[in-house]
Trainee: 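Dumping the structure here so I can ask a few things about it.
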There are 2 protein chains.
Amino acid sequence: MNSKPKRLTREQTEQKILLAAEDVFALYGFQGAAINSIAELTGLTKQNLLYYFPSKEVLYQKVLENILDLWLAKMALFAQRGDDPKTMITSYIQGKLDISRTHPNGSKVFANEIIQGAPRLREYLIAHLLPLLEDDVALINLWIKQGRMDPVDPYHLFFMIWASTQTYADFSSQIELVLGKSKLDEQDFEQANAFLTNLIIKGLGIK
Amino acid sequence: MNSKPKRLTREQTEQKILLAAEDVFALYGFQGAAINSIAELTGLTKQNLLYYFPSKEVLYQKVLENILDLWLAKMALFAQRGDDPKTMITSYIQGKLDISRTHPNGSKVFANEIIQGAPRLREYLIAHLLPLLEDDVALINLWIKQGRMDPVDPYHLFFMIWASTQTYADFSSQIELVLGKSKLDEQDFEQANAFLTNLIIKGLGIK
DNA sequence: GTCTATAAGGGGATAGAC
DNA sequence: GTCTATCCCCTTATAGAC
């Protein structure tokens with residue numbers, strides 16, 4: 001065993017930087033974030049940070065990439081267990097809320113990017129999100145055709161689920177303020193999950 | 001009549017600046033926005049802009065204030081016409097979507113501020129939003145007690161309505177991308193309205 | 001009210017010693 | 001890999017002429 005835990009491998013240092021970068025980009029967006037703040041959070045100098053990531057742009061892209069990989073893995077309705085509408089939609093909502101709970105800063109970085117018009121994400125979304133979504137939309141339409149749920153617009157259904165699950169990450173400060181808590185805990189997420197699942201399943205006419 | 005339309009009154013100039021400021025703050029948040037960009041959009045020099053608003057901070061506060069005044073006027077469930085759950089919630093959803101459609105940039109400025117933890121808004125929200133919301137929550141609880149809707153958590157209901165209506169402003173770029181449109185039109189908002197209203201009314205067990 | 005000039009500091013990024 | 005020093009541009013803001 002190595003008795004010098006102070007020395008980090010290159011990969012460990014990069015991970016520390018990426019974590020700090022996620023925090024700062026989440027708060028201030030790309031333009032508003034200062035790599036100096038990220039360096040300080042990591043315990044490095046700005047110059048040293050630039051040794052690991054050659055530019056702010058590259059660092060930001062890496063942060064975005066990491067989030068999106070996690071995202072898309074759980075994104076697809078098709079990726080859920082089960083094969084009936086109730087089970088799969090329930091699982092989908094739970095999965096989205098889990099991400100909001102465990103990766104709130106990633107969600108905020110994504111939110112900032114979308115608010116800005118997704119300038120650094122547009123092509124990625126077209127290439128990766130849209131194909132997955134089309135499959136999911138087709139599945140919803142099949143369920144509708146089979147009479148297993150009410151005829152609704154699948155796209156607006158997804159917009160609603162995305163918004164109302166991500167809000168527990170992106171707008172957590174407002175929710176905490178309303179609920180009078182300093183931080184959302186697991187119980188809050190369970191209540192959110194119960195509320196959303198019941199409302200959506202019933203609202204879609206799913207038995 | 002004055003034949004020199006070039007000369008603007010002080011108030012008109014201030015309005016032009018505030019409009020441009022809303023655009024830029026919406027895109028980049030407080031830190032990321034440059035008053036130079038705002039000045040250019042307005043056709044002024046940066047120095048001249050600072051003649052009308054003494055600092056970036058003051059300008060931002062003014063922009064926030066304008067949005068919030070509009071916001072809270074339509075915010076209350078109590079402010080809606082009608083007196084039965086179906087009519088009032090329908091009107092509430094419509095009102096929120098109207099704001100997203102007519103003031104997308106205001107919504108984005110608000111979103112950026114909340115993502116940052118609402119540092120410049122916290123006190124205002126506590127003083128003005130919370131009291132209104134408590135009344136609305138009490139109304140929902142009354143309706144539940146009267147058996148006019150299912151027993152749900154009123155807070156999470158409002159979080160859901162806020163998120164799924166504001167998403168059409170804040171995340172419009174993602175929605176436009178998915179729907180293959182360059183800009184959301186009135187028809188899109190009508191479809192969103194129909195979808196959300198049906199889902200929520202039915203999901204809450206309101207007849 | 002609008003301009004030029006300029007202060008004073010922060011930003012991202014590079015060079016080179018160690 | 002980490003440091004000091006430095007470049008150069010952009011930022012907010014002020015001073016003062018017109």
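Protein chains get the first letters and strands the later ones, always in sequence-line order, with residue 1 at the start of each. When reading the values below, keep in mind they use all heavy atoms of this one structure, side chains included, and skip hydrogens, waters and symmetry mates.
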Trainee: Classify the nucleic acid contact of A/Thr13 as base, sugar-phosphate or nothing, counting any heavy atom under 4.0 Å across all strands shown.
Mentor: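 It contacts nothing in the nucleic acid.
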
Trainee: Which ones in residues 26-42 of chain B lie close to DNA chain D, meaning a heavy atom under 4.0 Å from one of its atoms?
Mentor: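 By residue number: B/Ala33, B/Ala34, B/Ile35, B/Asn36.
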
Trainee: Which pairs would a plain distance check flag for residues 155-163 of chain B, meaning a side-chain donor or acceptor within less than 3.5 Å of a matching protein atom at least two apart in sequence or in another chain?
Mentor:
| residue | atom | partner | partner atom | Å |
| --- | --- | --- | --- | --- |
| B/Tyr155 | OH | B/Glu134 | OE1 | 3.0 |
| B/Tyr155 | OH | B/Glu134 | OE2 | 3.2 |
| B/His156 | ND1 | A/Tyr168 | OH | 2.6 |
| B/Trp162 | NE1 | B/Tyr92 | OH | 2.9 |

Trainee: Counting heavy atoms not belonging to B/Glu11, are there more than 12 under 6.0 Å from its CD?
Mentor: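 Count not over threshold, so no.
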
Trainee: I'd like the 5' and 3' limits of the part of DNA chain C contacted by chain B, with heavy-atom contacts below 4.0 Å.
Mentor: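 Contact boundaries, 5' end first: C/dG1 to C/dA5.
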
Trainee: Tell me the closest heavy-atom pair linking A/Ser100 and A/Gln166, and the distance in Å.
Mentor: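 Smallest heavy-atom distance, with atoms named: OG-CA, 3.5 Å.
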
Trainee: Without placing hydrogens or testing angles, list every side-chain donor-acceptor pair under 3.5 Å for residues 136-144 of chain B, not counting sequence neighbours.
Mentor:
| residue | atom | partner | partner atom | Å |
| --- | --- | --- | --- | --- |
| B/Asp136 | OD1 | B/Leu77 | N | 3.1 |
| B/Asp136 | OD1 | B/Phe78 | N | 3.3 |
| B/Asp136 | OD2 | B/Leu77 | N | 2.8 |
| B/Asn141 | ND2 | B/Val137 | O | 3.4 |

Trainee: Answer yes or no: is there an ion pair linking B/Arg120 with B/Glu57, defined by an N-O contact shorter than 4.0 Å?
Mentor: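 Yes, charged N to carboxylate O under 4.0 Å.
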
Trainee: Under 3.5 Å, which donor-acceptor pairs do the side chains of residues 16-31 of chain B form with other protein atoms, sequence neighbours left out?
Mentor:
| residue | atom | partner | partner atom | Å |
| --- | --- | --- | --- | --- |
| B/Lys16 | NZ | B/Thr42 | O | 3.4 |
| B/Asp23 | OD1 | B/Asn105 | ND2 | 2.8 |
| B/Gln31 | OE1 | B/Gln116 | NE2 | 3.1 |

Trainee: Could you pull out all residues at least two apart from B/Glu190 that satisfy salt bridge (Lys or Arg N to Asp or Glu O under 4.0 Å)?
Mentor: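 Once residues adjacent in sequence are excluded, B/Glu190 has no partner under the salt bridge (Lys or Arg N to Asp or Glu O under 4.0 Å) criterion.
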
Trainee: Please name all residues satisfying salt bridge (Lys or Arg N to Asp or Glu O under 4.0 Å) with A/Asp185, sequence neighbours left out, ordered by chain then number.
Mentor: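 Partners of A/Asp185 under the salt bridge (Lys or Arg N to Asp or Glu O under 4.0 Å) test: A/Lys181.
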
Trainee: Of all of residues 46-59 of chain A, which get a heavy atom below 4.0 angstrom from DNA chain D, listed by number?
Mentor: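 The answer is A/Gln47, A/Asn48, A/Tyr51, A/Tyr52.
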
Trainee: Using heavy atoms and a sub-4.0 Å distance, could you list which residues of residues 15-23 of chain A are near DNA chain C? By number, please.
Mentor: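 None, since no heavy atom is under 4.0 Å.
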
Trainee: Can you name the residues that form a side chain to side chain donor-acceptor pair (under 3.5 Å) with B/Asn112, not counting sequence neighbours?
Mentor: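 B/Asn112: no side chain to side chain donor-acceptor pair (under 3.5 Å) contacts found.
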
Trainee: With sequence neighbours excluded, tell me which residues meet salt bridge (Lys or Arg N to Asp or Glu O under 4.0 Å) with A/Asp150.
Mentor: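 Expected list: B/Lys202.
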
Trainee: So, using salt bridge (Lys or Arg N to Asp or Glu O under 4.0 Å) as the criterion, who are the partners of A/Glu176 when residues are at least two apart?
Mentor: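 Result, salt bridge (Lys or Arg N to Asp or Glu O under 4.0 Å) vs A/Glu176: none returned.
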
Trainee: Under a 3.5 Å threshold, yes or no: a donor from one side chain and an acceptor from the other, between A/Asp84 and A/Thr87?
Mentor: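 Judged by distance alone, the side chains do pair up.
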
